[in-house]
J.: 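Sending over a structure as structure tokens; questions will come in a sec.
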Amino acid sequence: MPADEFSLIARYFSSLGAGPAVVLGVGDDCALLQLAPGECLATSVDTVLEGVHFPADSLPEDVAYRAVAAAASDLAAMGARPLGMTLALTLPAADELWLHSFSQGLAAAASELSLPLVGGDTTRGPLTITVQVLGALPPGRALTRGAARPGDGLYVSGTLGDAAAGLAVLQGRYRPELEVAEYLEGRFFRPTARLQLGASLLHDATAAIDLSDGLLADAGHIAAASGVQLRIDAQALPLSAALQAHPDRAQALAWALAGGDDYELCFCLPAGASPPAGCTRIGEVAAGAGVVCPGFEHLATGYRHF
Ligand code: ADP
Ligand code: MG
């Protein structure tokens with residue numbers, strides 16, 4: 001007898017729900033999360049589809065980890081403190097080997113990102129993973145896209161382009177030596193959601209966004225929301241050792257500027273503010289509109305589903 005969804009939920013999804021804000025987790029009609037007085041609830045939801053957001057032969061634990069990290073990155077970009085998450089999972093079959101592996105990636109992400117799994121929905125159909133994240137913001141504060149001002153510096157965390165290079169490796173378009181290939185694939189499947197950085201920027205940054213669609217596209221959202229121009233110096237972009245060693249620097253920079261899936265933060269700080277550790281100044285905010293990156297005007301920006 002194949003397992004029904006209730007036994008699957010009990011076996012794979014009901015034990016990841018402990019956290020400081022969790023009053024009631026999996027098993028009732030709603031989960032209950034405790035906010036502090038005056039706090040604001042931050043929430044965001046992301047769906048990932050096999051063959052669109054990750055290759056069809058990806059390991060289930062990687063798929064789970066990446067889905068959670070990508071969703072958590074939106075909390076980071078708002079400066080929100082993680083409270084918990086829910087998971088809407090559509091599966092082609094009740095494949096318990098697959099579910100075991102998937103729940104391991106889920107558990108790793110839940111614990112590393114402080115996102116207890118407090119509820120969800122389980123249905124049958126083409127593999128689809130939807131993660132909703134819930135976070136808390138102190139009264140009256142949030143790191144939005146909308147308040148960058150001319151004169152601010154423009155910064156990013158970490159290194160850019162690794163995930164796009166990793167996807168190129170996974171798709172056989174780029175064949176570096178094994179160690180580099182493994183590093184890049186790891187950056188695609190295990191992005192770092194910058195939750196601590198986001199929270200630390202809450203007081204100083206004028207605007208922030210997480211980099212899901214590529215720097216040029218996402219910086220364009222800050223420019224539009226703030227009514228400013230962002231000027232990016234491509235030569236200042238932080239590249240990993242793996243991308244610095246790429247024989248074609250134009251390709252490495254194209255990944256860093258237009259490749260997606262890095263889930264680093266891009267943010268603006270007032271002139272004179274010093275950036276947090278691990279962050280790099282890549283340009284500045286000016287009066288005007290759009291994103292300017294001399295020498296790279298030709299790059300297409302952003303993934304479009306339709
Ligand atoms: P309801 O019919 O009340 O929506 P369900 O039968 O869908 O409840 O789910 C039973 C319980 O299991 C609920 O608490 C729900 O949040 C939880 N749940 C269902 N699927 C998942 C999942 N994939 N991950 C975590 N919790 C889940
Ligand atoms: Mg339900």
J.: Looking at Gln229 and Ala286, would you say the former's side chain and the latter's main chain have a donor-acceptor pair under 3.5 Å?
T.: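 Not at all, since once roles are kept as given, no pair shorter than 3.5 Å links the two residues.
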
J.: Between Asp218 and Asp213, is there a donor-acceptor pair closer than 3.5 Å when you use the side chain of the first and the backbone of the second?
T.: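 Yes, because the side chain of Asp218 sits within donor-acceptor range (under 3.5 Å) of the backbone of Asp213.
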
J.: For the NE2 atom of His53 and the CG atom of Asp261, what is their distance to the nearest 0.5 Å?
T.: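 Result: 8.5 Å between the selected atoms.
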
J.: Nearest 0.5 Å, what's the CG-CG distance between Leu127 and Leu49?
T.: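 Leu127 CG to Leu49 CG: 8.5 Å, rounded to 0.5 Å.
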
J.: Which donor-acceptor pairs under 3.5 Å do side chains of residues 74-84 form with protein atoms, sequence neighbours excluded?
T.:
from: Asp74; atom 1: OD2; to: Ser44; atom 2: OG; distance (Å): 3.3
from: Arg81; atom 1: NH2; to: Glu39; atom 2: OE1; distance (Å): 2.7
from: Arg81; atom 1: NH2; to: Glu39; atom 2: OE2; distance (Å): 2.6

J.: Spell out, as yes or no, whether a donor-acceptor pair under 3.5 Å connects the side chain of Ser226 to the backbone of Ala147.
T.: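 The answer is yes, because a donor-acceptor pair under 3.5 Å joins these two groups.
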
J.: Could you grab the distance from atom CG of Leu134 to atom OG1 of Thr43, nearest 0.5 Å is fine?
T.: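 If we round to the nearest 0.5 Å, Leu134:CG and Thr43:OG1 are 4.5 Å apart.
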
J.: Determine whether more than 12 heavy atoms belonging to other residues, nucleotides or ligands lie under 6.0 Å from atom CD of Glu179.
T.: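 Atom CD in Glu179 is not packed in, count stays at 12 or less.
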
J.: I'd like to know if the side chain of Asp262 reaches the main chain of Ala163, judged simply by a donor and an acceptor atom lying under 3.5 Å from each other, with no hydrogens or angles considered.
T.: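 Yes, because the side chain of Asp262 sits within donor-acceptor range (under 3.5 Å) of the backbone of Ala163.
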
J.: Mind checking ring pair (Phe, Tyr, Trp, His ring centres under 6.0 Å) for Phe189 and listing every partner two or more places apart, or none if nothing turns up?
T.: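 Phe189 satisfies ring pair (Phe, Tyr, Trp, His ring centres under 6.0 Å) with no residue once adjacent residues are dropped.
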
J.: Does anything in residues 194-235 pair up under ring pair (Phe, Tyr, Trp, His ring centres under 6.0 Å), and if so which pairs, sequence neighbours excluded?
T.: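 Every candidate ring pair (Phe, Tyr, Trp, His ring centres under 6.0 Å) pair involving residues 194-235 fails, so no pair, neighbours aside, qualifies.
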
J.: Partners of Tyr155 by ring pair (Phe, Tyr, Trp, His ring centres under 6.0 Å), sequence neighbours excluded?
T.: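 Once residues adjacent in sequence are excluded, the partners of Tyr155 under the ring pair (Phe, Tyr, Trp, His ring centres under 6.0 Å) criterion are Phe267.
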
J.: Please assess Leu216 against Cys293 for the test side chain to side chain contact (heavy atoms under 4.5 Å, CB included), listing each intermediate value before the final yes or no.
T.: CA-CA 8 Å; Leu216 292 177; Cys293 184; 4.1 Å; yes

J.: Would you please name every residue forming a ring pair (Phe, Tyr, Trp, His ring centres under 6.0 Å) with His246, sequence neighbours left out?
T.: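 For His246, the residues satisfying ring pair (Phe, Tyr, Trp, His ring centres under 6.0 Å) (neighbours in sequence not counted) are Tyr174, Trp255.
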
J.: Which residue, Ser212, Ser157, Ser73, forms the side-chain hydrogen bond (donor to acceptor under 3.5 Å, both in side chains) with Glu264?
T.: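 The residue from Ser212, Ser157, Ser73 that satisfies side-chain hydrogen bond (donor to acceptor under 3.5 Å, both in side chains) with Glu264 turns out to be Ser157.
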
J.: Kindly indicate, with the supporting measurements, whether the criterion side chain to side chain contact (heavy atoms under 4.5 Å, CB included) is fulfilled by Ile282 and Leu215.
T.: CA-CA 11 Å; Ile282 59 161; Leu215 176 64; 3.8 Å; yes

J.: Using only atom types and a distance under 3.5 Å, with no angle test, would you say the side chain of Glu185 pairs donor to acceptor with the backbone of Tyr183?
T.: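 The answer is no, because no donor-acceptor pair under 3.5 Å joins these two groups.
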
J.: With no hydrogens and no angle check, is any side-chain donor or acceptor of Asp95 less than 3.5 Å from a backbone partner on Leu97?
T.: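 Checking the backbone N and O of Leu97 against the side chain of Asp95, a donor-acceptor pair under 3.5 Å is found.
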
J.: Look up atom OG1 in Thr128 and atom CD in Glu50, then write down how far apart they are to the nearest 0.5 Å.
T.: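 The OG1 atom of Thr128 sits 9.0 Å away from the CD atom of Glu50.
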
J.: Tell me whether Leu211 is reachable from Leu167 by hopping between hydrophobic residues (I, L, V, M, F, W, Y) whose side-chain heavy atoms are closer than 4.5 Å.
T.: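 Unlinked, Leu167 and Leu211 end up in two clusters.
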
J.: Given Phe54 and Val48, is the side chain to side chain contact (heavy atoms under 4.5 Å, CB included) satisfied, shown in steps?
T.: CA-CA 8 Å; Phe54 58 90; Val48 292; 4.0 Å; yes

J.: Might you work through the side chain to side chain contact (heavy atoms under 4.5 Å, CB included) test for Ser7 and Arg11, ending with a clear yes or no?
T.: CA-CA 6 Å; Ser7 56; Arg11 201 166 310 156; 4.1 Å; yes

J.: Rounded to the nearest 0.5 Å, how far apart are CZ of Arg66 and CG of Leu59?
T.: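 With rounding to 0.5 Å, CZ (Arg66) is 13.5 Å from CG (Leu59).
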
J.: Ring pair (Phe, Tyr, Trp, His ring centres under 6.0 Å): which pairs involve residues 102-125, sequence neighbours left out?
T.: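 Every ring pair (Phe, Tyr, Trp, His ring centres under 6.0 Å) pair that includes a residue of residues 102-125, provided the two are not neighbours, is Trp98-Phe102.
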
J.: Keeping the roles fixed (side chain from Ser103, backbone from His100), state whether a donor-acceptor pair exists under 3.5 Å.
T.: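 Yes; judged by distance alone, with no hydrogens or angles, the pair exists.
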
J.: Do Leu106 and Leu113 sit in one hydrophobic cluster, given that two such residues count as connected whenever their side-chain heavy atoms are within less than 4.5 Å of each other, even indirectly?
T.: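 Yes, same cluster.
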
J.: How about Thr159 and Arg187: does a side-chain donor come under 3.5 Å of a side-chain acceptor?
T.: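 Their side chains do contain a donor-acceptor pair, which is all the 3.5 Å distance test asks for.
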
